[in-house]
Amino acid sequence: MYSEKVMDHFMNPRNVGEIEDADGVGEVGNAKCGDIMKIFLKIRDNRIVDVKFKTFGCGAAIASSSMATELIKGKTIDEALELTNKAVAEALDGLPPIKMHCSVLAEQAIKAAIEDYRRRQQEKQVNS
Amino acid sequence: MQKRVYMDHAATTYTKQEVLDEMLPYFKEIYGNPSSVHGFGREARKAVDLARERTAAALNASPEEIYFTSGGTEADNWAIKGVAWANKERGNHIITTSIEHHAVLHTCQYLEKMGFEVTYLPVDSYGLVYPEQVKEAITDKTILISVMFANNEIGTIEPIREIGQIARERGIYFHTDAVQAVGHIPVDVKEMNIDLLSLSAHKFYGPKGVGALYIRKGVKLHPFIHGGAQERNRRAGTENLAGIVGLGKAIELAVANLEESSKRLAAMRDRLISGVLNTIENVRLNGHPTKRLPGNANFSFEFIEGESLLLSLDMKGIAASSGSACTSGSLDPSHVLLAIGLPHEIAHGSLRLTLGDDNTDEDIDYVLEVLPDIVQRLREMSPLFAQNKGGKRYV
């Protein structure tokens, strides 16, 4: 039911892990629904220099996290914000219809992490 | 070539060679319509009669109490709807359990829409139904009690004889979905006070697409499939000749080998269960420790999700299931695991391994060898694992 690309990103996920001193962290989903995605961003001069993820979920959720992190690595924040769930699914050569929500979660997790980064930046400005 | 291990026998089994050998002539050589008067038809009729005798013998029933169907789902639908429609003047109340197969649950939900009332009994943390609760749920409108013989997901075996006795004393029909039980554990419709029983051939090394409903003599129920006069006017449609022959041979074999096979499977199952529980942390066994099907093992692994576990096992050549095959593709955790009280997040991380006659001790070794690493790999990817290290535990 999954494309070879999904299986590749599931079995050999890219960018798994955590960034301890991350500049932005986003977590979406909940355990009750069976999916949680957590994205960690390292940002320099508005550019994503490192990204890691941790995911609790099905094969499609893990593959979507892996692909989404690949797609935003090295991109500017504005470019990363333009990433859509459709782009994630397409890059994986498609997802089964009932698994499309996994790509939505990936998009949301990235947006949440960037939002967290911006909130921290604002706090820094207020404090300084 | 990669090792392949099939541990999903509760989903379906292969057809045994002896069964297939008996079936094959009934496609090309002996192909008459059992309803035909001529010799071709009579030959076919003889084969159907023999299969009916074999099925009856396996259940301690009479041949005229066996009705062939297209499988377990049809048998469940027929038993429940057939009794409901034929007895609605007597009452509109049905008692069943919250852990039934969807063939029973969805049928009951349909009847609720049609004005029937259904009580879905809870189960304990092992998945056991209490006969006392059945007794308490009975009203003067109760016409049917339907409780599965053994659960397809967690393998728990229900107190069927006791529930049947309660139903018999109160004059209420008792149906049991015995799809997972027949051919695996002893089933005796007389001794166990069963009025209606569903079975399916492909769960005991017979072919898919054929099953049977046992209907005790005297039980009032409407036909489900209308048409010709087959199955003594109760189930229309030209008989699935080869399938019925296969069912008959498979059930005969299964019952003859039952003691030896179930002893062998239970020993392998117990080694699998203790191996998993001893080598992996934060795991629980679902279902009853002893009152369980000989081939069933069902676990919940904390912090990981079942499908990713299945995919990982599949990459190692191991065929397993999480919950029921019929629900894969649905995003909700299994209703059975929720009914035994598991929190959603634990229910999501469940794995069912069901053993069969083709499994060997080496297969168990192989699973025990690869499973810990798979669980570890997925846990290392899981944000729940990090959060829960040394923290709250569910199991």
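Throughout, protein chains are lettered first and strands after them, A, B, ... in sequence-line order, and every chain is numbered starting at 1.
Scanning all heavy atoms of the two residues, the minimum distance from A/G57 to B/S308 falls at O-OG, 3.1 Å. Scanning both residues, A/A60 and B/E307, for their nearest heavy atoms gives N-OE1, 4.2 Å.
Summarising the local packing, CG of B/N278 is surrounded by more than 12 heavy atoms from other residues, nucleotides or ligands at distances under 6.0 Å. Surrounding CD of A/E115 are at most 12 heavy atoms belonging to other residues, nucleotides or ligands under 6.0 Å away. Atom OH of B/Y120 sits in a crowded spot, with more than 12 heavy atoms from other residues, nucleotides or ligands closer than 6.0 Å. Annotation for A/K42: atom NZ counts as buried by contact number, over 12 foreign heavy atoms lying within 6.0 Å.
For A/M7, the part lying near chain B is the side chain, with the backbone staying farther off; criterion is any non-hydrogen pair under 4.5 Å. Both the backbone and the side chain of B/M381 come within contact range of chain A, with heavy atoms under 4.5 Å apart. Neither the backbone nor the side chain of A/A61 comes within contact range of chain B; no heavy atom of the residue lies under 4.5 Å from a heavy atom of that chain. Interface residue A/I36: backbone and side-chain heavy atoms are both found under 4.5 Å from chain B. If you measure heavy-atom distances from B/L311 to chain A, the contacts under 4.5 Å come from both the backbone and the side chain. Contacts of B/R379 with chain A are absent, with no heavy-atom separation under 4.5 Å from either backbone or side chain.
With rounding to the nearest 0.5 Å, the separation of OG in B/S382 from CD1 in A/I62 is 8.5 Å. Atom-to-atom distance recorded for A/Y2:OH and B/D314:CG is 12.0 Å, nearest 0.5 angstrom. Between the NE2 atom of B/H348 and the SG atom of A/C58 there is a distance of 10.0 Å, given to the nearest 0.5 Å. Within the model, atoms NZ of A/K32 and CD of B/E345 stand 8.5 Å from one another, a figure rounded to the nearest 0.5 Å. Here the CG-NZ distance, from B/L384 to A/K38, works out to 9.5 Å after rounding to the nearest 0.5 Å.
B/E305 places no side-chain N or O within 3.5 Å of a backbone atom of A/F56 that could act as its donor or acceptor partner.
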